[in-house]
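Working notes, beginning with the structure itself.
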Amino acid sequence: MPHPDERVEYELWTNSNDECGPLCDEQAAFVRSFRGHAQILERGGYARFTPHYITWYCPEAFRLTRQCQSQCINHGRYCAPDPEEDFGEGYEGKQVVVENLRQLCVHRVANESGRPWAWWDFAMDYKLRCSMKEKKYSKACAEEVVASLGLSLEKVLACMGDPDADADNAVLSKEQEDQIGRGSRGDVTILPTLVINDVQYRGKLERTAVLRAVCAGFKEGTEPQVCLSHDRNGGCWRDEATNVRAGAVRPDRSGGTSASSTTYIYEQLRR
């Protein structure tokens with residue numbers, strides 16, 4: 001792991017969809033379990049975290065097809081797969097794109113307000129309160145979560161723009177640019193993908209393994225206390241500066257703490 005300086009920069013490519021089976025469950029479990037660590041690292045200025053979301057575009061010749069109109073916003077410029085893989089049932093891919101966009105804007109607005117770590121609260125609360133499985137995945141539910149965190153809904157909506165406009169969306173266009181690899185990083189084509197100090201992480205998406213990888217990204221001698229404490233491998237610990245605690249996740253009956261890290265590859269990206 002590259003460790004050039006005293007701050008680690010890392011990003012998680014994820015999804016607001018929760019109907020992709022074990023991989024969605026794994027990502028939700030990671031957000032819940034890593035939130036405390038992430039917020040302490042960011043509150044202390046030790047790390048900078050950025051969420052990302054994969055989209056693709058629909059070729060212009062197919063933009064009037066049912067598939068593109070169901071899965072895309074901004075006239076085919078930004079698309080996501082249908083959650084149920086059935087264009088006649090349930091949620092549509094374009095609803096996923098809009099929610100992904102909202103979560104990107106939540107992070108931007110939180111960052112502008114000096115609370116970038118609030119994204120972790122939003123992502124966790126949304127998965128708990130606005131689940132597709134419970135038929136609560138909606139704009140109204142998302143806006144309630146935004147309001148509950150004290151973030152400006154007006155600023156979030158202004159950031160999102162008009163998903164029906166025949167125009168580029170600056171936020172999502174930047175996401176598509178960031179999907180393209182540079183140097184030794186490689187393209188981002190699978191979910192979830194964790195990138196630490198511009199290197200794609202290869203390992204389990206679970207609290208202890210990811211914390212160890214993030215801690216390896218600090219220049220020697222600059223690691224925060226959480227990286228030096230034996231408690232980072234289990235138990236609970238506390239950051240005295242911010243008075244925030246983070247704890248271990250209770251193992252499930254099989255003895256594990258998360259689903260397998262098998263990657264989920266979008267069918268559209270494989271074509």
Side-chain angles (χ1 to χ4, degrees), residues 10-35 38 49-58 70-74 77-87 90-108 119-139 141-142 145-146 156 160 163 169 171-180 187-195 200-201 204-206 210 258-271:
Y10 68 110
E11 58 196 61
L12 176 65
W13 290 81
T14 184
N15 196 0
S16 63
N17 174 8
D18 65 4
E19 283 201 343
C20 60
L23 262 296
C24 281
D25 296 340
E26 178 191 34
Q27 292 174 71
F30 174 72
V31 169
R32 288 195 302 270
S33 65
F34 198 72
R35 180 182 61 138
F49 169 76
T50 307
H52 287 291
Y53 298 82
I54 289 179
T55 64
W56 75 90
Y57 67 90
C58 182
S70 173
Q71 298 181 100
C72 308
I73 66 172
N74 292 100
R77 290 174 172 84
Y78 315 102
C79 313
D82 186 283
E84 299 87 6
E85 298 183 358
D86 184 339
F87 298 124
Y91 294 99
E92 296 181 304
K94 63 184 180 182
Q95 291 174 276
V96 176
V97 181
V98 170
E99 184 52 42
N100 290 347
L101 173 60
R102 190 187 330 276
Q103 297 195 10
L104 287 166
C105 287
V106 163
H107 181 260
R108 288 194 174 200
W119 177 89
W120 292 88
D121 294 324
F122 180 90
M124 188 185 77
D125 288 354
Y126 189 83
K127 289 182 183 298
L128 290 174
R129 296 165 58 178
C130 310
S131 171
M132 283 183 174
K133 298 173 183 178
E134 298 179 3
K135 308 302 180 186
K136 296 180 179 179
Y137 187 93
S138 68
K139 175 179 180 289
C141 186
V145 178
V146 171
V156 171
M160 292 177 66
N169 179 288
V171 176
L172 292 177
S173 290
K174 181 64 166 60
E175 291 297 287
Q176 291 184 342
E177 291 176 11
D178 289 344
Q179 286 176 226
I180 301 171
D187 294 351
V188 177
T189 58
I190 60 177
L191 292 179
T193 291
L194 184 69
V195 179
Q200 289 194 22
Y201 164 81
K204 289 185 177 180
L205 190 70
E206 64 90 27
V210 171
S258 68
S260 104
S261 59
T262 306
T263 53
Y264 170 70
I265 304 178
Y266 282 145
E267 287 295 327
Q268 284 82 355
L269 292 172
R270 291 196 299 183
R271 292 174 182 169

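Everything numeric here is computed off the predicted structure, so don't read it as measured data.
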Any luck finding a side-chain donor-acceptor pair between Q27 and T14 under 3.5 Å?
yes
Is the shortest distance from a Lys or Arg side-chain nitrogen in K136 or D18 to a carboxylate oxygen in the other one below 4.0 Å?
no
Do V188 and I54 make a side-chain contact, defined as non-hydrogen atoms from C-beta onward lying under 4.5 Å apart?
yes
Is there a donor in the side chain of T55 and an acceptor in the side chain of Q176, or the other way round, less than 3.5 Å apart?
yes
Which heavy atom of L194 sits nearest a heavy atom of Y10, and at what distance?
CD1-CD1, 4.2 Å
Hey, is the main chain of V195 close enough, under 3.5 Å, to the side chain of E11 for a donor-acceptor pair?
no
Looking only at heavy atoms, what is the nearest atom pair of D187 and Q200, with distance?
O-NE2, 3.2 Å
Compute whether any side-chain donor of one residue and acceptor of the other, for E99 and Y137, lie under 3.5 angstrom apart.
no
Testing the basics here: between N17 and C24, what is the closest heavy-atom pair and its distance to 0.1 Å?
O-SG, 3.1 Å
D121 meets the salt bridge (charged side-chain N to carboxylate O under 4.0 Å, His left out) criterion, sequence neighbours left out, with R35
With E92, which residues qualify under side-chain contact (heavy atoms from CB on, under 4.5 Å), at least two apart?
S70, K94, Q95
How far does CG of L12 sit from CH2 of W119, to the nearest 0.5 angstrom?
5.5 Å
Show your working on disulfide bond (SG atoms under 2.5 Å apart) between C72 and C79 and close with a plain yes or no.
CA-CA 4 Å; C72 308; C79 313; 2.0 Å; yes
Look at the side chain of H107 and the backbone N and O of F49, then say whether any donor-acceptor pair between them is shorter than 3.5 Å.
yes
Under the 3.5 angstrom rule, does the side chain of S33 hit a backbone N or O of F30 as a donor-acceptor pair?
yes
Would you compute the distance between atom CG of L128 and atom CZ of R32 and round it to the nearest 0.5 angstrom?
6.5 Å
Donor-acceptor under 3.5 Å (N169 side chain, P163 main chain):
no
Counting distance only, does the side-chain N/O of E84 pair as donor-acceptor with the main-chain N or O of Y91 below 3.5 Å?
yes
Indicate the atoms forming the closest heavy-atom contact of L23 with P192, along with that distance.
CD1-CD, 3.5 Å
The side-chain contact (heavy atoms from CB on, under 4.5 Å) partners of V146 (sequence neighbours excluded) come to V106, F122, L151, L153, V156
Would C141 and C130 count as a disulfide pair, i.e. SG atoms separated by less than 2.5 Å?
yes
